[in-house]
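What follows is one structure encoded as structure tokens, with my remarks underneath.
Please read all numbers here as calculations on a predicted model, not as lab measurements. Quick note on labels: first sequence line is chain A, next is B, and so on, each numbered from 1.
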Number of protein chains: 2
Amino acid sequence: MSQSVGRALAILPMLAEGPAGLEQVATRLGVHKTTAMRLLRTLHEHGLVYRQDDQRYRLGARLFALAQAAAESLDVREIAHPHLVRLGEATGHTVHLAVYEDREVMYIDKVDSRYPVRMYSRIGRPVAITVAAVAKLLLADLPEPERRAVAERLEYPMYTPRSTPDAQALLAELAAVREQGWAADFGGHEESINCIGAPIRGADGRTAAACSLSAPNVVVTADELMTLLPQLRRTAAAISDDYSGRVPA
Amino acid sequence: MSQSVGRALAILPMLAEGPAGLEQVATRLGVHKTTAMRLLRTLHEHGLVYRQDDQRYRLGARLFALAQAAAESLDVREIAHPHLVRLGEATGHTVHLAVYEDREVMYIDKVDSRYPVRMYSRIGRPVAITVAAVAKLLLADLPEPERRAVAERLEYPMYTPRSTPDAQALLAELAAVREQGWAADFGGHEESINCIGAPIRGADGRTAAACSLSAPNVVVTADELMTLLPQLRRTAAAISDDYSGRVPA
DNA sequence: AGGTTGGTTGCGCACCGCGCAACGTGCATT
DNA sequence: AATGCACGTTGCGCGGTGCGCAACCAACCT
């Protein structure tokens, strides 16, 4: 909507892929290097980008502060955290917390597995939205039109043979998830990793967030993981209670 | 440098303090609401702000992804992390990692204490720059003119009677720190919390980061904490070795 | 030395972003 | 139920501002 602002903001994801010099930024943006420089300067003044010694730009430390503030304003996270830690300690597996926002599902918290095998997932990483258990839970509760719109606009990468192949399959899966009140992903994202998830509901009954328990096959089988489902659901329910007890913003 | 971009970016720290409506943003920015709206829309399109149900804006989830990417591009962090975890497990106390960037010192990693008493510090929070051990270490190694410039431009809040009172005191302290190769903060930030820190040096010998060990008086006295100094310094040295062994970006 | 690549500065044109005014819309108040 | 109010939204014409050009530097390579 606003040209220069749009261009400036487009620089950020560019730099997220790695540091870049002025010329590089300019060509990738499709603007004159003078223009790119003015934008970068402004970003720099606000601490969003940093100029390293070799004169290349990378993302700045101020982003930490902003992300931190963003996290704090999501009060689900604050409330859920101790519950997740407890679940992590009790089971020893990796625990995730995710929310849906603007057609994307994002991890907003994580408790690492006690086992040496650590999964490659990170707070802030966009979730594999077509397969992850938390994604299914969050999508399942969207109002029908948005759910369809999102499902049809998605890409369906076949991470493994068990990945959700297309919109139709996803929508069917979502219906099942909505029905049963929990979700699973058995090797749909990475062949050897299984995952189960449960919804966290706000005072209005809508799914405000979702949490999950993940473990690789080498540690526990899918069946063994499923025995933890009641415990996971109890945790999710406890968080829901805590969360819906609060006065809504 | 670029008006509209500057205005747009000024919105972010505003929203960091809490959600705000259009009118509120406009007045605080000192612009017409229609202008504020265009800026917010652009920010929204790029995922940096999110519009919640009550039409107020707050920081968006995309910030997580950017902050995450920013963290990854700081390879000190990747390298240091396992060392810090080990130190945390060995001592049981809180471990911090911080870097200096553009007149600010930021925490970029943290390992929580095993004890129930948890400190209020957060990755992304700006550090109490005049007193924290890590801050002194990082400032101590700046080139003389920048060090002076920073010291003189700072504010010197007296968190406690032991806080560094002014620029002169800070500069003297920095000289001592540079001399002895480590730093301490005994109750200068919070009365009952002590902290010791050590520098992490890059291949060029410059201080690239600093790590610290903090604990409240109720757990260990300052003297007891000091007995851990050699261990802390060994950790810092190990990280330095790892770090300077790498090919510099 | 000369060439090349990449960053910086000055400047005039026009485009883009600005604020105004008018219009919706939902909530509160009577 | 009607009226008022507060706040968000849309259309539009003017002018400032952000644009790209061109020329200048500096560093590095050959």
Side-chain angles (χ1 to χ4, degrees), chain A residues 1-12 14-15 17-60 73 101-102 143 145-146 203-204 206 247-249, chain B residues 1-12 14-15 17-60 73 101-102 143 145-146 203-204 206 247-249:
Chain A
M1 206 89 238
S2 177
Q3 191 187 57
S4 52
V5 178
R7 285 172 170 174
L9 299 184
I11 292 177
L12 297 178
M14 259 183 60
L15 294 185
E17 295 166 21
L22 173 60
E23 179 94 359
Q24 201 177 343
V25 171
T27 45
R28 288 186 61 181
L29 262 189
V31 301
H32 197 270
K33 39 180 189 169
T34 292
T35 306
M37 184 164 145
R38 238 168 320 107
L39 300 176
L40 281 165
R41 278 217 183 127
T42 313
L43 288 168
H44 179 77
E45 278 167 19
H46 289 256
L48 296 192
V49 309
Y50 177 70
R51 186 148 206 204
Q52 45 189 22
D53 300 334
D54 58 357
Q55 288 191 324
R56 293 191 308 164
Y57 295 89
R58 62 169 173 72
L59 296 179
S73 75
E101 184 176 309
D102 266 339
E146 187 174 1
D204 53 1
R206 297 282 315 277
V247 280
Chain B
M1 206 90 237
S2 177
Q3 190 186 59
S4 53
V5 177
R7 285 173 171 175
L9 298 184
I11 292 177
L12 297 177
M14 260 182 61
L15 294 184
E17 293 166 21
L22 174 60
E23 180 97 357
Q24 200 177 344
V25 170
T27 45
R28 289 186 59 182
L29 260 189
V31 301
H32 198 268
K33 49 182 180 169
T34 190
T35 304
M37 184 165 137
R38 240 170 317 107
L39 300 176
L40 281 165
R41 277 213 183 135
T42 314
L43 288 167
H44 178 77
E45 280 168 19
H46 289 256
L48 296 192
V49 308
Y50 177 69
R51 186 147 208 207
Q52 45 189 22
D53 299 336
D54 58 357
Q55 289 192 325
R56 292 191 309 164
Y57 295 89
R58 62 169 172 74
L59 295 179
S73 74
E101 183 176 309
D102 267 339
E146 185 173 3
D204 53 1
R206 299 282 314 278
V247 281

Exercise. With nearest nucleotides of DNA chain C determined for A:Tyr57 and A:Val5 from heavy-atom distances, which residue corresponds to the more 5′ nucleotide?
Worked result: A:Tyr57
Exercise. Can you find a side chain N or O atom of A:Arg51 that sits less than 4.0 Å from OP1 or OP2 on C:dG7?
Worked result: no
Seminar exercise, completed: Rounded to the nearest 0.5 angstrom, the CZ-CD distance for B:Arg56 and B:Glu23 is 14.0 Å
Exercise. Would a 4.5 Å heavy-atom cut-off, applied to side chains only, mark B:Arg51 and B:Pro19 as touching?
Worked result: no
Problem set entry | Beyond-backbone contact of B:Pro143 with B:Arg206, side-chain heavy atoms, under 4.5 angstrom | yes
For this session: Starting from the first five and the last five pairs of the helix from C:dA1-D:dT30 to C:dT30-D:dA1, work out the angle between the resulting helix axes, to 10 degrees.
Result: 40°
For this session: Return the value, rounded to whole Å, for the distance between atom CD of A:Glu23 and atom P of C:dT8.
Result: 12 Å
Exercise. In whole angstrom, what separates A:Arg56's CZ from C:dG6's P?
Worked result: 12 Å
Seminar exercise, completed: dist B:Ile11:CD1 -> B:Leu48:CG (nearest 0.5 Å) comes out at 10.5 Å
Exercise. Rounded to whole angstroms, how far apart are CZ on A:Arg7 and C1' on C:dC16?
Worked result: 10 Å
For this session: To the nearest Å, give me how far apart CD (A:Gln24) and C1' (C:dT5) are.
Result: 13 Å
For this session: Take A:Met37 and A:His32, measure what side chain to side chain contact (heavy atoms under 4.5 Å, CB included) needs, and give me the verdict at the end.
Result: CA-CA 9 Å; A:Met37 184 164 145; A:His32 197 270; over 6 Å; no
Problem set entry | Approximate separation, where rounding is to 0.5 Å, of B:Arg41 CZ and B:Leu22 CG | 9.5 Å
Problem set entry | Interface limits on DNA chain D, where chain B has a heavy atom under 4.0 Å of a nucleotide atom | D:dG8 to D:dG18
Exercise. How many angstroms lie between CD in A:Gln52 and CZ in A:Arg58, if you round to the nearest 0.5 Å?
Worked result: 5.5 Å
Problem set entry | Flag side-chain contact, heavy atom, 4.5 Å: B:Leu15 against B:Tyr57 | yes
For this session: Check the distance between C:dG6's C1' and A:His32's NE2 and give it to me in whole angstrom.
Result: 12 Å
Exercise. Can you list, by residue number, the residues of residues 33-47 of chain B that have a non-hydrogen atom closer than 4.0 angstrom to DNA chain D?
Worked result: B:Lys33, B:Thr34, B:Met37, B:Arg41
Exercise. Which residue, A:Gln3 or A:Leu22, contacts DNA chain C at a nucleotide closer to its 5' end, judged by nearest heavy atom?
Worked result: A:Leu22
For this session: Please round to the nearest 0.5 Å and tell me the distance separating atom CZ of A:Arg7 and atom OG1 of A:Thr35.
Result: 6.5 Å
Exercise. Counting N and O atoms only, with roles assigned by atom type, does the side chain of A:Thr42 sit under 3.5 Å from a partner on the main chain of B:Ser2, one being a donor and the other an acceptor?
Worked result: yes
Exercise. When rounded to the nearest 0.5 angstrom, what distance separates CG in B:Leu59 from CD in B:Glu17?
Worked result: 10.0 Å
